[in-house]
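Accompanying notes for the structure given below.
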Amino acid sequence: MSWEAVRFLSVISLAMVIATFPFWYPEVAGTESKLVHGEKNQTSVIRGVLSEVGDYYVTVQTSQGEVKVSVHGWYRERTMKWFEVLEELRRYTGQEVVMEVEDEGGNLVAKYIEIPSAGVKY
């Protein structure tokens with residue numbers, strides 16, 4: 001192989017390495033994907049006053065403002081469905097609530113709900 005061919009292949013290889021660098025280290029490039037890295041959805045705890053119970057969600061008044069949280073799936077170790085939980089939560093409007101929520105693509109979903117004053121946990 002001639003010197004020019006080796007140089008040409010070296011330049012092409014270097015260009016490919018530079019072009020694909022963000023995919024090697026996505027944290028550096030800001031392109032991290034939860035699916036690629038196997039991370040779970042972000043969970044957090046919300047504490048506030050239960051201000052509204054809708055058809056598929058609850059609204060909690062926190063110190064930072066209102067937070068809308070979806071309620072779906074099973075609760076109480078798979079003994080209660082979401083609509084049963086919402087029906088019971090209507091009685092506790094205006095009381096303090098503690099919720100563990102998970103961010104599922106920008107939508108907060110309740111994983112655990114507690115009304116401390118009543119001793120109720122879902």
Side-chain angles (χ1 to χ4, degrees):
M1 244 202 255
S2 72
W3 171 249
E4 286 137 8
V6 170
R7 193 171 119 197
F8 176 74
L9 289 175
S10 297
V11 169
I12 294 296
S13 297
L14 182 61
M16 289 180 68
V17 167
I18 292 171
T20 60
F21 181 77
F23 299 108
W24 295 359
Y25 301 100
E27 298 85 29
V28 174
T31 59
E32 184 173 11
S33 168
K34 289 181 181 178
L35 296 176
V36 171
H37 293 284
E39 291 180 5
K40 292 186 176 182
N41 293 336
Q42 291 280 352
T43 60
S44 58
V45 175
I46 295 176
R47 181 180 298 268
V49 175
L50 184 63
S51 61
E52 180 185 358
V53 178
D55 292 334
Y56 302 100
Y57 64 91
V58 295
T59 304
V60 179
Q61 184 65 42
T62 67
S63 58
Q64 285 89 22
E66 284 191 349
V67 179
K68 192 172 186 179
V69 181
S70 296
V71 178
H72 62 75
W74 291 92
Y75 292 87
R76 279 197 185 154
E77 298 174 1
R78 300 190 59 81
T79 60
M80 288 185 78
K81 284 293 275 179
W82 61 271
F83 55 87
E84 296 170 314
V85 172
L86 286 172
E87 193 61 39
E88 285 192 17
L89 285 176
R90 283 177 177 50
R91 290 185 276 174
Y92 301 109
T93 302
Q95 294 189 26
E96 181 187 17
V97 64
V98 178
M99 304 175 84
E100 181 179 320
V101 297
E102 188 172 277
D103 186 357
E104 294 182 359
N107 186 27
L108 294 178
V109 178
K111 297 299 175 190
Y112 173 81
I113 304 169
E114 179 180 359
I115 310 294
S117 61
V120 176
K121 299 176 183 178
Y122 300 103

Please tabulate, for side-chain N and O atoms in residues 115-122, each donor-acceptor pair with protein atoms closer than 3.5 Å (sequence neighbours left out).
{"residue": "S117", "atom": "OG", "partner": "Q95", "partner atom": "OE1", "Å": "2.7"}
{"residue": "Y122", "atom": "OH", "partner": "E88", "partner atom": "OE1", "Å": "2.6"}

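- Partner of W82 under the ring pair (Phe, Tyr, Trp, His ring centres under 6.0 Å) criterion, chosen from Y57, W74, Y56: Y56.
- Distance CD1/I113 to OH/Y92: 12.0 Å, rounded to 0.5 Å.
- Distance check, rounded to the nearest 0.5 Å: CD of E102 to CD of Q42 gives 9.5 Å.
- Put simply, the side chain of L14 does not reach to within 4.5 Å of the side chain of S10, judged on heavy atoms.
- Residue K81 holds its NZ atom at 15.5 Å from CD of E87, rounded to the nearest 0.5 Å.
- Proximity of E84 to R76: side-chain heavy atoms (C-beta onward) are nowhere separated by under 4.5 Å.
- Note that CZ of R90 is 9.5 Å distant from CD of E52, once rounded to the nearest 0.5 Å.
- Using a 4.5 Å cut-off on side-chain heavy atoms (C-beta onward), T43 and K111 make no contact.
- Residues I46 and L108 have side chains in contact (heavy-atom distance under 4.5 Å, counting atoms from C-beta outward).
- A donor-acceptor contact shorter than 3.5 Å is absent between the side chain of T59 and the backbone of S51.
- Remark: I12 CD1 to R7 CZ distance equals 12.0 Å, nearest 0.5 Å.
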